[in-house]
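Before I ask anything, let me first share the structure, which is written out below as structure tokens.
Small disclaimer: the values here were computed from a predicted structure and weren't measured. Proteins come first, then strands; the chains are lettered A, B, ... in the order of their sequence lines, and each starts at number 1.
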Amino acid sequence: MVMWSKESRYTMLVKAYSADLFRFAMWLCRDRETAEDLVQETFTRAWRSLGDLRDEKAAKAWLFTTLRREHARLYERKRLEMADVPTENLAAPASDSYDTRTEAQVLRRALAELHEDYREPLLLQVLGGYSCAEIGEQLGLSPNAVMTRLFRARKKLLAVLGEDELTKVEEAHS
Amino acid sequence: MNCLDFRRHCLAEPASRASEFLEHRLHCRSCARFAERVLAFQRKLAEAMAVEPPADLEERILLRQSLHGRSRRRFLAVAASLVLVAGLGVAVVRQLGHDPLAEEVVGHVVERETEIGVDGPAAMDKVPGLLAHFGVRADGPLGEVVLARPCPVGKHMTAHLVVEEGGSEVDVFLIPDAPVKGRRRVEVRGHTGIIVPCPKGSMAIVSRDAEAPLEAIEQRMMERLSWI
């Protein structure tokens with residue numbers, strides 16, 4: 001079995017998760033500088049707790065949970081006026097790789113306007129790749145409550161894209 | 001699971017691996033089509049969320065940790081030196097003939113060779129940014145750089161480059177916080193290398209290939225790198 005040094009394990013965690021954590025942070029706070037601060041703070045805490053993070057899956061969950069808590073702490077401290085930040089700020093400046101299609105822009109705006117009770121589980125599912133049960137553990141909700149929030153989140157977003165035909169099918173059944 | 005349950009489940013967790021969900025999808029053509037459309041929407045959602053992180057985010061996180069760790073280590077080193085001063089003489093005698101820096105560098109090279117490999121030509125673009133973080137500038141081409149990353153080597157944070165030259169891979173480390181007194185050749189674990197003093201710290205040049213042109217690379221680095 002390969003025994004990694006603390007520095008090597010830390011480097012691997014940074015390389016594996018910093019980009020996804022940055023995206024998660026961006027959708028939580030909608031400010032690039034604040035998002036980077038949140039990621040930096042999360043990894044500073046990770047360094048201190050690295051001895052306890054032996055399992056990689058547990059490390060990933062720990063990083064996402066820590067970032068959420070850091071964001072909540074920051075929000076409490078500064079009461080950021082996040083709702084006023086234009087959605088366009090979510091785009092990387094002058095990035096050719098960023099998707100600027102109209103549909104993506106519409107979807108991005110709709111995501112930004114989604115209530116955080118709906119947006120947060122959706123971010124954890126799409127960016128973090130977590131199951132409903134795992135999201136429930138992170139947010140302190142039952143798996144059923146998570147499913148309800150995810151269902152409603154998608155329904156709202158589909159409606160914005162004019163694809164509510166999908167949800168109408170569901171309504172026809174109910 | 002009936003069609004209504006399936007569709008509700010699908011809108012909540014399109015990539016669900018639940019057995020009854022997968023089974024229903026397999027046997028109900030209409031719901032399978034529904035699931036495909038929801039998955040297509042899922043891909044659009046992932047694209048919309050894909051905010052590009054800053055290009056040097058990883059490097060900045062690793063550097064911050066390195067700098068933070070260094071100041072703590074300095075404090076601990078002072079405290080330790082006060083307590084252990086009497087034992088140092090014995091330790092120094094026992095360490096004669098032992099080269100910790102060379103061993104740490106070669107240990108990292110072995111790890112890089114076996115676990116990481118190289119990044120390829122894309123690494124060339126990362127060289128100026130990496131060097132700038134370490135207060136260094138390249139005033140000319142450094143050769144065919146196929147890896148450029150900040151790497152922790154033992155207690156040191158280094159700028160790690162891998163140069164391909166004459167069919168050999170040569171690892172070059174700029175180590176600002178490890179000053180050395182003079183130039184020395186090292187032979188550790190089947191690797192050959194040179195460690196030389198630099199205006200800030202030292203530089204280590206190492207290869208597994210005994211025929212690698214280490215001196216030529218050393219000369220080029222010393223001529224073309226400027227410590228700002």
Working to the nearest 0.5 angstrom, can you tell me the gap between Glu58(B) CD and Phe43(A) CZ?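 The distance works out to 8.5 Å.
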Please give me the minimum heavy-atom distance between Arg154(A) and Phe41(B), naming the atom from each residue.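 The pair with the smallest heavy-atom distance is CG-CE2, 4.2 Å.
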Can you tell me how far the CZ atom of Arg8(B) sits from the OG1 atom of Thr148(A), to the nearest 0.5 Å?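 If we round to the nearest 0.5 Å, Arg8(B):CZ and Thr148(A):OG1 are 9.0 Å apart.
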Would you mind checking which part of Pro54(B) comes under 4.5 Å of any heavy atom in chain A, side chain (CB onward), backbone (N, CA, C, O), both or neither?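 Both backbone and side chain.
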So does Arg69(A) have more than 12 non-hydrogen atoms from other groups sitting under 6.0 Å from CZ?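 For Arg69(A), atom CZ is not crowded (no more than 12 foreign heavy atoms under 6.0 Å).
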Determine which pairs satisfy side chain to side chain donor-acceptor pair (under 3.5 Å) with at least one residue from residues 192-205 of chain B, sequence neighbours left out, and list them in order.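 Passing the test, one end in residues 192-205 of chain B: no pairs.
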Could you tell me whether a side-chain N or O of Gln125(A) sits under 3.5 Å from a main-chain N or O of Ala12(B), the two making a donor and an acceptor?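 Yes; at least one donor-acceptor contact below 3.5 Å.
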Other residues, nucleotides and ligands only: do more than 12 of their heavy atoms fall within 6.0 Å of CD on Glu23(B)?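 Count not over threshold, so no.
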If you apply the rule side-chain contact (heavy atoms from CB on, under 4.5 Å), what do you find for Arg32(A) with Val51(B), and how did you get there? CA-CA 10 Å; Arg32(A) 292 184 72 85; Val51(B) 182; 3.7 Å; yes
Is there a side-chain contact between Tyr10(A) and Leu62(B), using heavy atoms and a 4.5 Å cut-off?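 Tyr10(A) vs Leu62(B): side chains touch.
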Pick one of side chain, backbone, both or neither for His108(B), based on which atoms fall under 4.5 Å of a heavy atom in chain A.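 For His108(B), no heavy atom lies under 4.5 Å from chain A.
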Once rounded to the nearest 0.5 Å, what's the spacing between atom CE of Met147(A) and atom CG of Leu11(B)?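 That separation rounds to 9.5 Å.
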Ignoring hydrogens, what is the shortest heavy-atom contact between Cys132(A) and Glu13(B)? Give both atom names and the distance.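 That closest heavy-atom pairing would be N-OE2, 3.2 Å.
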Structural part of Leu122(A) lying under 4.5 Å from a heavy atom of chain B: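 Contact with chain B is through both the backbone and side chain of Leu122(A).
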If we only count heavy atoms from C-beta on, is the Cys151(B) to Thr11(A) side-chain gap below 4.5 Å?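 No, every pair of side-chain atoms sits at 4.5 Å or beyond.
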May I ask you to test the Met49(B)-Arg23(A) pair for a side-chain heavy-atom distance under 4.5 Å?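 Answer no - side chains too far apart.
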Side chain proximity check, Leu111(A) to Leu45(B), heavy atoms < 4.5 angstrom: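 Yes - at least one pair of side-chain heavy atoms lies under 4.5 Å apart.
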Report yes or no: does Arg108(A) contribute a side-chain atom to a donor-acceptor pair with the main-chain N or O of Ala48(B) at less than 3.5 Å?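 Such a contact is found between Arg108(A) side chain and Ala48(B) backbone.
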Residue Arg149(B) versus chain A: region with a heavy atom under 4.5 Å: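 Only the side chain of Arg149(B) comes within 4.5 Å of chain A.
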Could you give the distance from CD1 (Ile61(B)) to NZ (Lys15(A)), rounded to the nearest 0.5 Å?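 So the CD1 of Ile61(B) and the NZ of Lys15(A) are separated by 10.0 Å.
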